[in-house]
Amino acid sequence: MSTLKSLAKQLESGEVTSRKLVEQSLSKIEETKKLNAFITVLGERALARADEADKRRAEGKSIGALDGVPVAIKDNLCLTGTRTTAGSQMLSKFEAPYTATAVEKLEATGAVVVGKTNMDEFAMGSSNETSFFGPVENPLEGTRIPGGSSGGSAVAVASDVVAAALGSDTGGSIRQPAACCGVVGLKPTYGRVSRYGLIAYASSLDQIGPFGHTVEDCATLLEVICGQDIHDNTTSARPTENFAAKLDAGIAGKTIGVPKEYFAAGLDAECKAAIEACLSKLEKEGAKLKEVSLPNIGHAVSSYYIIATAEASSNLSRFDGVRYSYRSADAHNLFDLYAKSRSEGFGKEVQRRILLGSYVLSSGFYDAYYVQAQKVRRLITDDFNKAFESCDVIASPTMPGLPLLRGVGETDPMAMYLSDIYTVSLNLAGLPGITLPCGMAGGMPVGLQLIGKPFAETDLLSAAAAVEAISK
Ligand code: GLN
């Protein structure tokens, strides 16, 4: 297992070149092809950039620790001149004319993007089975889902193709695949990272974040990609922090909130035992466990699916067959052009969500569903604010059980939606969350989710590092 840190060290000492690392990454992509983690491999572009990084280093002009390190990005992140599909036939031939801010910042460190990773179509899903380019396989256990929607990025890290990758998280899409594949995944506070150049799913919930093998690597990447952006006026003006500043601080003296609703019925017994064992170890390290309550959390999944689909139906209206998207070959009038292009270009899950979203926004139902869901969103945010009055961070499961068996996205969408129970509330409240492996259940890794106060990523990562230290 290579980390960003170890690769940066090897490059620095001259033990390895960037070309060598990129070549290794590219051949690993070939070897692990059956996992289907990548939609587009950027071989030539990556090798050219690796050579530039090597040249800079040889001339003593290296632009930072990540200069020349291979990384991967989810295929809903625009990168100039490369195909950016969002896992959809709708965009299967779309070449991005500009680069997402987060990716631009990543490339500005010299990091080399080796490929665009597979994902649920338009990031809708938790199983990585709704992609037009086929499902992604879990490298640890082929019969189980890798988690979604950023499954390709999680698998690329878990199978050591790259040490780190970017994904996006609207309701759990970084944290769930990280948990299913046994890696670390971080969803930053809403507004911490620019969404410019991220193909929108639900704009008030979407946030870009990193995957890595270690908490430290996630801290490093967050520092690279965060910050205010003139192209996204929801980004915060807060200055960039050294998010790794407190990684060695330990957990002694900190209070960990344990929401009673999260450890009640519905959580797999073995997963629960693994999480509780981890929490008692933290207690032994000097943390204080405090039961907290999130009384409205039972409504999180339903309000999330109303708000997310409402926003999605609006965001996806731009794919009309006229401009840059898929166009039906069988359209003979304007109505056909819209209806056939959208029916053929979007997959089943996306169509289901456009229908649901249009329904909850339609006159007559708007007040009953959409407005209600927004009110619940406020109540959930208030619940978290209240809980945080008596604790520093909140601990919870990431998934209700083992990663589901493959096929669920197709046969039982409801089971898939319900598996979002622990993750969507953070997006509704805009809070940062990190998932990291804390034990095993049924031969699979169990992800512990830590939830932080808004913009308190440094403290959140500090608590995560304490979990990492005791889980080794
Ligand atoms: N599973 C959730 C959904 O399908 C979250 C997806 C995401 O975070 N992109 O909406």
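Order of appearance sets the numbers: ligands from 1, and atoms from 1 within every ligand. For this chain, numbers begin at 1 and follow the sequence in order.
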Worksheet item: Which ligand 1 atoms does Met124 reach within 4.0 Å, using its non-hydrogen atoms?
Response: 4 (O)

Discussion item. Looking only at distances, can you tell me whether any N or O atom of Thr170, backbone or side chain, sits closer than 3.5 Å to an N or O atom of ligand 1?
Written reply: yes

Practice prompt. Give a yes-or-no answer on whether the side chains of Tyr201 and Asn76 include a donor-acceptor pair shorter than 3.5 Å.
Written response: no

Discussion item. Is Ala308 close enough to touch ligand 1? Criterion: a residue heavy atom under 4.0 Å from a ligand atom.
Written reply: no

Item to complete: Within a distance under 4.0 Å of any heavy atom of Ser149, pick out the atoms of ligand 1 and give their elements.
Response: 9 (N)

Worksheet item: Between Tyr369 and Tyr359, does the ring centroid distance fall short of 6.0 Å?
Response: yes

Discussion item. Side chains of Gln176 and Asp169: any donor to acceptor distance under 3.5 Å?
Written reply: no

Item to complete: Check each atom of ligand 1 against the heavy atoms of Gly125 and keep those under 4.0 Å away; list them by number with element.
Response: 1 (N), 3 (C), 4 (O), 6 (C)

Worksheet item: For Lys74 and ligand 1, does the shortest N/O to N/O distance drop below 3.5 Å?
Response: no

Item to complete: Determine whether the side chains of Ser150 and Ser173 contain a donor N or O and an acceptor N or O closer than 3.5 Å.
Response: no

Item to complete: Around atom 2 (C) of ligand 1, find the nearest protein heavy atom and jot down its residue, atom name and distance.
Response: Asp420 OD2, 3.2 Å

Item to complete: Would you please say whether a donor-acceptor pair under 3.5 Å links the side chains of Thr423 and Arg175?
Response: no

Practice prompt. Please indicate whether any nitrogen or oxygen in Gly171 is less than 3.5 Å from any nitrogen or oxygen in ligand 1.
Written response: yes

Item to complete: Taking only heavy atoms of Ala123 into account, list the atoms of ligand 1 that are under 4.0 Å away from them.
Response: 6 (C), 7 (C), 9 (N)

Worksheet item: Will you find, in the side chains of Glu107 and Thr99, an N or O donor that is under 3.5 Å from an N or O acceptor?
Response: no

Fill in: Atom indices of ligand 1, in the order listed, that fall short of 4.0 Å to a heavy atom of Ser126
1 (N)

Response to the item:
Of all heavy-atom pairs linking Leu186 and Cys218, the shortest is CD2-O, 4.3 Å

Worksheet item: So is Tyr304 in contact with ligand 1, going by heavy-atom distances below 4.0 Å?
Response: yes

Fill in: ligand 1 atoms in contact with Asp169 (distance to a heavy atom under 4.0 Å)
8 (O)

Item to complete: If you have a sec, work out which protein heavy atom is nearest atom 7 (C) of ligand 1 and how many Å separate them, to one decimal?
Response: Ser173 OG, 2.4 Å

Worksheet entry | Modelled atom types, side-chain donor and acceptor of Lys116 and Thr85, under 3.5 Å | no

Item to complete: Measure the acute angle between the ring planes of Phe122 and Phe346, then classify it against the limits of 30° and 60° as parallel, tilted or perpendicular.
Response: perpendicular

Discussion item. Taking the basic N atoms (NZ, or NE/NH1/NH2) and the acidic carboxylate oxygens, is any pair closer than 4.0 Å for Arg192 and Glu241?
Written reply: yes

Worksheet item: So is Arg353 in contact with ligand 1, going by heavy-atom distances below 4.0 Å?
Response: yes

Worksheet item: So which bit of Tyr201 gets within less than 4.0 Å of ligand 1, heavy atoms only: side chain, backbone, both or neither?
Response: side chain

